[in-house]
Number of protein chains: 2
Amino acid sequence: MNIYDVSRQAGVSIATVSRVLNGNAKVSEATRQKVLKVMEEMGYTPNVFARGLGLNTMQTVGIMCADSSDSYLATAIYYLEQELRNYDYDVLLCCTGYEWENRKKYMELLLSKRVDAVILAGSNFVEQTREKNRYIAEAAEKIPVVVLNGYLEAENVYCALCDDADALYRVTKTYLNAGKRDILFLGRSLSYSGVRKRSGFLQAYEEMGLKCRKNQIIIQDGTIDEIRDLLIGRAKQGIREEVIVTADDELAIGAVKYAKSLGIQIPGDLEVVGYNNSKLGLCCEPELTSVDNKLEYSCMNVVNVLMKVFHHGRVPARTMISADLAVRGTTSINFLGGF
Amino acid sequence: MNIYDVSRQAGVSIATVSRVLNGNAKVSEATRQKVLKVMEEMGYTPNVFARGLGLNTMQTVGIMCADSSDSYLATAIYYLEQELRNYDYDVLLCCTGYEWENRKKYMELLLSKRVDAVILAGSNFVEQTREKNRYIAEAAEKIPVVVLNGYLEAENVYCALCDDADALYRVTKTYLNAGKRDILFLGRSLSYSGVRKRSGFLQAYEEMGLKCRKNQIIIQDGTIDEIRDLLIGRAKQGIREEVIVTADDELAIGAVKYAKSLGIQIPGDLEVVGYNNSKLGLCCEPELTSVDNKLEYSCMNVVNVLMKVFHHGRVPARTMISADLAVRGTTSINFLGGF
DNA sequence: TTACACAATGTAAACGCTTACACTTTTCTT
DNA sequence: AAGAAAAGTGTAAGCGTTTACATTGTGTAA
């Protein structure tokens, strides 16, 4: 069943039916209702392919992420999907894994499906070298690209950021102000936000005129248990700390588990701060204090930017929000001044 | 740039270009190479809309789930996406929330986008009444529908199941055989797999000729903390148990947290068994023993079924696998006989 | 009354592919 | 060597929309 069937049944031309369908051109209210009624009765659904051919859009946005099963990314995808649906856009999902070499291919795949825009979820999409990011800039020549929590400078690329540097700066500063000196920063290998987090950590030390030892920074990709074991190994060499600040909740949970297995009291002997305020943090005992980067808000922001771009509005290439802190059981310090 | 540009440049007809594109009809190797080279040089990408119009497919599968941020569903989506991509299918994601009234609408949305099939991820898609499932059966009249871990009887609906009843039966039986009697079943409100899990639990009691008290079964939708508080309240009324078996890991973690907050030793005083073997279970201390319903395997199975259906192969309407058990710190019993 | 603006509708040409059918050339049979 | 079968290619008719342009009708100002 197609537009001809409807037009015949309604006694109008296909142009009129099409106009009713799109609602942008003039149609008298009487015919409008008549056509609508016929569509309803016949159970007519326009063919998206034909529609796509004509309009060159299928109201679809591609979301690229490394791994949609990752708690943080899964949450982002959920918020993005919900928000996009409010504007009648569908989501084409694309998981690239962590090797950037694949990503060009996946991006081309999305482009070939003629998505209206691409959202890159997660800062691990932005690499250190311009060369590695070229595929993003190239894509952005054709359609809008929005990076969620990653920074990239290129025409037609918009970034929705959380000020990760500042968040880590404030957490660290609070501890330094309280007289703590042995603070460990636990991060992942260097994504954009990873770099920013570390620099916020370092800035706090610098500002106090304090030296930060090399072994106060650990960059480690690995599972919770690997993190735990790493820290246990370290402790056995006699390296202990009073505070561990991290770049994500899994790292923090690894730290909590390390403490538990050595009988170190949390938050008595050791305070731990996670990042992302994910559900994982509610699973451990005590519950994790964690930086809340307001993911839902950022996701809504991303979609907002997109909609404005679609409607030819002016949009700043980069928006930045401040993080909150969800204070729970793994800390006892008073953050009120800093957060 | 379109197929005409390519055909002109290559000095062949558009039919030949199309044939090269689709690779199903006869083209001499020489022309094939020539056309391929021109495409490469021009950076030609076929227009999916036009292609869709002709072929009436866009190589896309819809995945419906209640909430893609849920750890279990997020993992399922990931595996499904990866496997589908192996066959050059893309994923259109659709999160419906938990109210079944919305689902008809979302299903129609997917159908209107002309997906080649729909995968329903999670048993909460299958309701108790036939009426509520009608929208699924209706969709299945048009395209194949596969339910992941849910059971539905209808033409063109395929189910990839894990034998949840058997898993809970075996766990429960093991404890009963060991002389434990106070076992609590903690489930969610009745989805298909929820019902099956409970019936497996009950079957174990029945088979031993034992009575199962009403308060040995709790059906509770809620967060980890709500579960914990519920159990604490129960304990204060003097109701204690030796074992808690659950329908998902969040419930189990709620149980672990309840035990911790009352100083109940795990696994000394209380054993806890989760379900789904999700990442959450690795976050708590001790780590959660959890039924492994082999999600990755099931997902591959779902995609396999789909591919066979697409190629007009005969496929059983329902496939069932057995669960494993990931034994970790919250149990001390020996499951070897049962698993 | 004429001329004109404007609203409502129709006609027909894209949009970029696939593929049935027709045609030509090559290869195989006997 | 003739005829049949197979291989390779082209022509043209869809697929179901959108939309520029043409047409008709209707109210309004001169």
Side-chain angles (χ1 to χ4, degrees), chain A residues 1-39 42-60 88 90 109 111-116 142-143 310, chain B residues 1-39 42-60 88 90 109 111-116 142-143 310:
Chain A
M1 179 192 357
N2 59 26
I3 203 170
Y4 284 93
D5 301 316
V6 175
S7 77
R8 202 174 312 123
Q9 193 71 26
V12 297
S13 74
I14 57 163
T16 301
V17 176
S18 175
R19 282 190 270 259
V20 170
L21 227 40
N22 292 285
N24 43 17
K26 294 273 157 206
V27 179
S28 78
E29 190 54 27
T31 27
R32 227 183 83 78
Q33 290 305 332
K34 186 171 56 183
V35 170
L36 246 24
K37 182 150 162 273
V38 170
M39 283 178 176
M42 306 181 73
Y44 165 77
T45 326
N47 182 310
V48 278
F49 300 140
R51 208 136 198 253
L53 237 199
L55 296 172
N56 206 32
T57 160
M58 213 166 79
Q59 295 278 105
T60 301
D88 289 324
D90 272 300
L109 228 140
L111 289 177
S112 81
K113 288 269 174 163
R114 298 287 206 276
V115 292
D116 297 312
K142 303 186 185 160
I143 54 172
F310 286 158
Chain B
M1 177 192 359
N2 58 29
I3 203 171
Y4 285 92
D5 299 317
V6 175
S7 77
R8 203 174 312 124
Q9 193 71 24
V12 297
S13 74
I14 58 163
T16 300
V17 177
S18 175
R19 283 190 270 258
V20 170
L21 228 39
N22 292 284
N24 43 18
K26 294 273 153 205
V27 179
S28 77
E29 190 54 27
T31 27
R32 226 182 82 79
Q33 291 305 333
K34 186 171 56 183
V35 171
L36 246 26
K37 183 149 161 277
V38 170
M39 284 178 177
M42 305 180 75
Y44 166 77
T45 325
N47 181 310
V48 276
F49 300 140
R51 206 138 199 252
L53 239 199
L55 296 171
N56 207 34
T57 159
M58 213 166 78
Q59 296 278 105
T60 302
D88 288 324
D90 273 299
L109 227 140
L111 290 178
S112 79
K113 287 271 175 161
R114 296 289 207 276
V115 293
D116 297 312
K142 304 187 184 159
I143 54 172
F310 286 158

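Convention: sequence-line order gives letters A, B, ...; per-chain numbering from 1.
Put simply, the side chain of B/Arg19 does not reach to within 4.5 Å of the side chain of B/Val35, judged on heavy atoms. Under the 4.5 Å side-chain criterion, counting only non-hydrogen atoms from C-beta, A/Asp5 is not in contact with A/Val38. Counting only heavy atoms from C-beta outward, the side chains of B/Val17 and B/Tyr4 never approach each other to under 4.5 Å.
Across all strands, A/Val27 comes closer than 4.0 Å only to sugar-phosphate atoms, never to a base (heavy-atom distances). Looking at heavy-atom distances under 4.0 Å, B/Asn56 makes no contact with the nucleic acid at all.
Side-chain atoms of A/Leu21 lie closest to D/dT18 of the nucleotides C/dT9, C/dG16, D/dT18. Here the nucleotide nearest the side chain of A/Thr31, chosen from C/dT9, C/dT19, C/dC17, is C/dT9.
At whole-Å resolution of the value, CG in A/Asn24 and C1' in C/dA7 are 16 Å apart. Whole-Å rounding puts the B/Asp5 CG to C/dC15 P distance at 11 Å. In this entry the distance linking CD of A/Gln33 with P of C/dT9 reads 13 Å, nearest Å. Rounded to whole Å, atom P of D/dT18 lies 15 Å from atom CZ of A/Phe49. We find that CG of A/Leu53 is positioned 9 Å from C1' of D/dG16, with the value rounded to whole Å. Rounded to an integer number of Å, the gap from B/Leu55 CG to D/dG16 P is 13 Å. Note: CD1 (B/Ile3) to P (C/dT19) measures 11 Å, nearest angstrom. Nucleotide C/dA14 holds its C1' atom 12 Å from the CG atom of B/Asn2, rounded to whole Å.
Summary of the strand contacts: B/Tyr44 and A/Gly11 both lie near DNA chain C, and taking for each the nucleotide with the nearest heavy atom, the more 5' one is attributed to A/Gly11. Across the interface with DNA chain D, nearest-nucleotide mapping of B/Lys26 and B/Arg114 shows B/Lys26 to be the residue nearer the 5′ end.
Applying the 4.0 Å criterion to OP1 and OP2 of D/dT18, one finds that A/Asn22 has a side-chain N or O inside that range. Note on B/Tyr4: every side-chain N or O is 4.0 Å or more away from OP1 and OP2 of C/dA14. Side-chain N/O atoms of A/Ser28 include one lying less than 4.0 angstrom from OP1 or OP2 on C/dT9. At D/dG16, none of the side-chain N or O atoms of A/Asn47 fall inside 4.0 Å of OP1 or OP2 (strictly under the cut-off).
Near-neighbour residues of DNA chain C inside residues 12-19 of chain A, defined by a heavy atom below 4.0 Å, number-ordered: A/Val12, A/Ser13, A/Ile14, A/Ala15, A/Thr16, A/Arg19.
Rounding to the nearest 0.5 Å gives a distance of 12.0 Å between OH of B/Tyr44 and CG of B/Leu36. To the nearest 0.5 Å, atoms OG1 (B/Thr31) and CD (B/Glu29) are separated by 8.0 Å. The CG atom of A/Asn2 lies 7.5 Å from the CZ atom of A/Arg8; values are rounded to the nearest 0.5 Å. Separation of atoms CG (A/Asp90) and NZ (B/Lys113) is listed at 4.0 Å; rounding is to 0.5 Å. To the nearest 0.5 Å, atom CG of residue A/Asn22 and atom CZ of residue A/Arg51 are 4.5 Å apart.
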